[in-house]
There are 2 protein chains.
Amino acid sequence: MNEKIAVIDDNYSICKALARLLNGHGYNVEIYTSAPEFLLHARDTELGCVILDINMPNMSGLQLQEILIDRKYDYPIVFISGCGDIPSSVTAIKKGAVNFLQKPVVEQDLLQSICEAIALHRKHQDQKRDYLLTEQAVETLTAREMEIFRYIITGKLNKQIAYYLRITEKTVKVHRARVKQKLHVKSIVDLVRIADKVGIKPISLAES
Amino acid sequence: MNEKIAVIDDNYSICKALARLLNGHGYNVEIYTSAPEFLLHARDTELGCVILDINMPNMSGLQLQEILIDRKYDYPIVFISGCGDIPSSVTAIKKGAVNFLQKPVVEQDLLQSICEAIALHRKHQDQKRDYLLTEQAVETLTAREMEIFRYIITGKLNKQIAYYLRITEKTVKVHRARVKQKLHVKSIVDLVRIADKVGIKPISLAES
DNA sequence: AGAAAAATGGGGCTTTGGGGCAATAGCGAT
DNA sequence: ATCGCTATTGCCCCAAAGCCCCATTTTTCT
C-alpha cells in the first residue's frame with residue numbers, strides 16, 4: 001500500500017523535486033515548508049516517515065526532532081542538510097534519526113534510508129499496537145485486583161498474599177481468578193509476560 | 001578507582017597530549033599509535049573506554065570499531081577526527097560510538113564524553129556479569145531438563161509435558177524439581193524471568 | 001435512595017504441584 | 001567390570017490452586 005511521507009524543507013523547489021521523485025516510487029508525499037507548519041498537521045495523519053531539512057528559519061530540523069520526541073510521535077526521521085556540521089549529525093543520529101544525508105542528495109541513498117525508515121516505523125507500530133492491547137486489558141483491573149496481580153508475579157502463594165493483605169485465602173483465590181479471566185490467560189507464566197510487557201513491577205520487600 | 005583508557009591515534013604527540021590531560025584527571029592511560037597495535041593488547045586489559053582517531057594508515061578508526069563489535073569487545077568508543085566527514089560520524093554513532101569529536105578537541109567535551117562512556121561501560125559490565133551468572137546456572141541443565149524447562153515456560157501442565165514427551169507425569173515432576181533446584185528458584189515466575197533473561201524461547205506449536 | 005459493582009467470605013470438591021523413598025535401566029569413563 | 005550420572009517410574013501423602021454454588025458487606029455511581 002501507499003506509504004505517506006512528509007517532506008519538510010524551507011526551500012519549496014527542493015520539496016517539489018523530492019515529492020516528484022518519491023511519487024515516482026509509489027509514495028504519497030506531503031510537503032511542508034516550515035517545521036511549525038508541519039506541527040499543525042502532524043497529528044492528523046499517519047506517516048511512514050519524515051524527510052527533514054536541518055537548516056530552516058523559525059525552527060531548525062533538530063528542534064523539530066526534539067519536539068516530536070517529546071510528543072511521542074515516533075515517526076522515523078531522515079535528515080537532509082545543505083550545510084550541516086558533524087555535531088548536528090551526531091545529535092540527530094543519537095536521538096534516533098535513521099540517516100543524515102547531505103545535499104545534493106544521492107537518490108539511491110535517500111530511497112534506501114526511506115525504506116529503512118518505513119520498515120522501522122512498521123515495527124514500532126506493531127509493537128505499539130500489541131502494547132496498547134495488553135495495557136487496555138490491564139486497565140480493566142480494579143485496584144485490588146492489581147494489587148493481587150503484583151503479588152502473584154512476585155511469586156507469592158495465595159496464603160501469603162492473604163496474610164499480607166489481611167484477608168482470607170478464599171478472597172485471594174477469587175481475585176486471582178478474576179485477574180486471569182480479565183487478562184485472557186490460563187497460566188501464571190502468561191501473567192508474568194504481561195506484567196513485564198506493560199512494566200508492572202513485582203512487589204518489593206520494602207513496600208510489603 | 002582509576003579507570004583505564006586507551007588512546008589510539010597515529011600521531012604520537014597527540015597521544016601524549018591526551019595522555020597528559022587524562023592523567024591529570026585521574027585516568028590511567030594506554031597509548032597506541034595504530035589500530036593493529038591496539039588489537040594485540042586489547043584482550044589483556046580491562047578498559048573503561050577507548051579514544052579513537054578516525055584517519056589512520058593501515059586501519060581506520062571505523063574499521064577498528066567494526067572489528068571490536070565483531071569480537072564482542074564492548075568498550076565504549078569516543079571518536080576524534082582531524083578531517084572527519086558527516087558519513088563517517090553517522091556510521092560511527094549508528095554503531096554505538098559514544099561521541100564523535102573534531103580536532104582540536106575541546107577539553108570539556110572530551111571529559112564529558114569519557115564520563116558517559118565509562119558510565120555506559122560500567123552498566124554493560126554489570127548486565128554482563130548478571131547475564132553470565134544465570135547463563136552459567138542454565139548450562140548445568142541436562143538436555144532433558146532443558147526440554148522440560150522450555151515446556152514449563154510455555155505454560156504447559158506436567159500432564160501435558162508428559163504426554164508430549166511420552167513419559168509419565170512423575171518423571172516430569174522429578175525433572176521439574178531438578179530444574180528449579182539447579183536454577184536456585186522456588187517459583188515458576190522466577191523460571192520465566194530466567195528464561196527471558198538468557199533468551200530461552202517457549203516451545204512453539206510447530207516444534208511440538 | 002437505589003441499583004450496580006466490587007470486595008469479602010464459606011463449604012466442598014477436583015486437579016495440579018511437590019517431596020520422599022525405592023527401584024530399574026542405559027551409557028560413558030576408569 | 002564397576003562406578004557415576006541420567007532418565008525413568010512406582011507408591012504414598014500433603015499442600016496449593018482452581019472451580020462450583022452460595023451469601024454478606026462495602027463502595028460507587030446514578
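Chain letters run A, B, ... following the sequence lines, proteins first, then strands; residues in each count from 1. Note that the coordinates shown come from a computational prediction; the quantities given were computed from them, not determined experimentally.
B:Asn99 places no side-chain N or O within 3.5 Å of a backbone atom of B:Leu101 that could act as its donor or acceptor partner. Panel note: side chain A:Gln65, backbone A:Ala92; a donor-acceptor pair is recorded below 3.5 Å.
Here the rule is side-chain contact (heavy atoms from CB on, under 4.5 Å) with B:Phe38, and of B:Leu52, B:Leu68, B:Thr33 only B:Leu68 fits it.
Ion pairing between a basic and an acidic side chain is recognised when a charged N comes within 4.0 Å of a carboxylate O; A:Arg193 and A:Asp196 show no such pairing.
Within 6.0 Å of atom CZ in B:Arg178, 12 or fewer heavy atoms from other residues, nucleotides or ligands are found, so the atom counts as exposed in its surroundings.
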One character per nucleotide, please: for nucleotides 5-19 of chain D, 5' to 3', B when the base has a protein heavy atom closer than 4.0 Å, S when only the sugar-phosphate does, - otherwise. -SSSBBB----SBBB
